[in-house]
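Note on naming: letters A, B, ... go to the chains in the order of the sequence lines (proteins, then strands), and numbering restarts at 1 for each one.
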Amino acid sequence: MPDLNTIYTKLLTAYGPLHWWPAETPFEVAIGALLTQNTNWKNVEIAIDNLRREQALTPQAIAALPRQELEQLIRPSGFFRQKAERLQQLIEYLQSAHNGTLENLLNQPLEVARLELLQLKGIGPETADSILLYAGNLPSFVVDAYTMRLFERLGSLIGNETYEQVRDLFMSRLPADPERYNEYHALIVEHCKRFCRKRPLCEQCPLQTNCRYANPQARQDP
DNA sequence: GGCCAGGACACCA
DNA sequence: TGGTGTCATGGC
C-alpha cells in the first residue's frame, strides 16, 4: 500500500501546486462549497458569476435577497431551491452567533468551528471541512468522493470506511499543515478529473504503478 | 440522449 | 447502521 506522503509527492510532481480555492473572500469560498455539492464546478462558476454581477457575494447582500430571486441567481448550480434555503440559513446563523461574519466563526479552535458548521442544515462533513480549510486556513482534511475512489484503487481504503475514518487516516499520517491539506485535496480532484473517473483512463496516469485499475499485479496484491 | 458532477438529508427496515 | 430516493442543472 503506497504511503500517503509518497502519493502526494507524485501528484504534486505531475500537476504542480494548484493554489485552491478559486475565490476572492472566505465567504465566497463558503458559497462555492455549498453550491458545488454533487455539482460540476463549471455550473457553480456560472451561479457565482450571477451573484457577483448582482453584488451579492456578501452575507448582508444575500440575506437581503428575496428567496426566489436568490434561487434564480444560483439556479445553474442545480438543487437551487434547497441550496438557496441552506445559504440563507447559514447567514442567519452567522448573524445570530457571529456578528454576521464567517471570519468570527472560523476564528475559533478547529473542532469548535467544525461542530458549529455541522449543526447547520445542509452542511455535512465535506462542506464543513472545505470551509474550514479553504476559507479558514485551518488544518482540516477534506474527503470527497474522489478521495474515496482513488485511495480505494490505490489500496489504502477498503471502500466501506466512514467519512470520519478516512479524514482521521489522512490527518494521522500527514503533518497538520493547512497548506499541505489544501494542495493534497486539490491535487486529488485534479487527478481524478483527468484519470480516475468511473470509466478510468489509465494510459497516461502518473499513479498507474500504484493503482489496481491500471496495474494487474497491484490488483492481485491489495 | 445518457452519464456525470468537488453532497446532504429524510426515510425506512 | 446501512441502503435508497430526492433534490436539478448543464457540459460532454
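Between B:dG6 and C:dT6, the distance separating the two P atoms is 23 Å to the nearest Å. Annotation: B:dC4 and C:dA8 have their C1' atoms spaced 13 Å apart (nearest Å).
Under 4.0 angstrom from either OP1 or OP2 of C:dG10 there lies no side-chain N or O belonging to A:Thr39. Phosphate proximity of C:dC12 to A:Lys42: present, with a side-chain N or O under 4.0 Å from OP1 or OP2. At C:dC7, none of the side-chain N or O atoms of A:Arg81 fall inside 4.0 Å of OP1 or OP2 (strictly under the cut-off).
Note on A:Ile188: nothing from the nucleic acid sits closer than 4.0 angstrom, heavy atoms only. If you check every strand for non-hydrogen atoms under 4.0 Å, A:Leu118 touches nothing. At the heavy-atom level, A:Thr127 lies under 4.0 Å from the strands shown only through sugar-phosphate atoms. Heavy atoms of A:Gly78 sit under 4.0 angstrom from at least one base atom. Residue contacts shown for A:Asp144 are limited to sugar-phosphate atoms, with no base heavy atom under 4.0 Å away.
Comparing C:dT9, B:dG7, B:dA5 by their closest approach to the side chain of A:Ala145 singles out B:dG7. Distances from the side chain of A:Val189 to the nucleotides B:dG6, C:dC7, C:dT9 place B:dG6 closest.
The hydrophobic clustering, which links ILVMFWY residues whose side-chain heavy atoms are closer than 4.5 Å, places A:Leu34 and A:Phe79 apart. A:Leu115 and A:Leu94 fall into different hydrophobic clusters, where Ile, Leu, Val, Met, Phe, Trp and Tyr are joined by side-chain heavy atoms under 4.5 Å apart, directly or via other members.
Where A:Gly122 and A:Ala33 each meet DNA chain B at their nearest nucleotide, the meeting point lying more 5' is that of A:Ala33. With the nearest nucleotide of DNA chain B identified for both A:His185 and A:Lys121, A:His185 has the one nearer the 5' end.
The CG atom of A:Asn40 sits 17 Å away from the P atom of B:dC3 (whole-angstrom rounding). Regarding A:Ile46, its CD1 atom lies at a distance of 18 Å from the P atom of B:dA5, rounded to whole Å. Distance CD (A:Gln37) to P (B:dA8): 5 Å, rounded to an integer number of Å. Put simply, CE on A:Met148 is 16 Å from P on B:dG6, counting in whole angstrom units. Summarising the geometry, the separation between CD on A:Gln165 and P on C:dT1 is reported as 12 Å, rounded to the nearest angstrom. Protein atom CD of A:Glu45 is 14 Å distant from nucleotide atom P of C:dG10, rounded to whole Å. Nucleotide B:dA8 holds its C1' atom 10 Å from the CD atom of A:Glu126, rounded to whole Å. For A:Leu117 and B:dG7, the CG to C1' distance is 15 Å, given to the nearest whole Å.
Stacking annotation: A:Trp20 is stacked on the base of B:dG6 (ring centroids less than 5.5 angstrom apart, interplanar angle below 30 degrees). Here A:Trp41 counts as stacked on B:dG6: its ring centre is under 5.5 angstrom from the base ring centre and the planes meet at under 30°.
Counted by atom type alone, A:Asn43 and A:Arg75 present zero donor-acceptor pairs between their side chains at under 3.5 Å. A:Tyr8 and A:Asp3 share no side-chain donor-acceptor pair at under 3.5 Å.
Note that A:Arg153 lies in the cation-pi zone of A:Tyr213, set by a 6.0 Å cut-off to the ring centre and a 45° limit from the axis.
Judged by distance alone, with hydrogens and angles left aside, A:Asn38 brings a side-chain donor or acceptor within reach of the base of B:dG7, the pair sitting under 3.5 Å.
Taking the six-membered ring for Trp and thresholds of 30 and 60 degrees, A:Trp21 and A:Tyr134 have ring planes inclined between 30 and 60 degrees apart.
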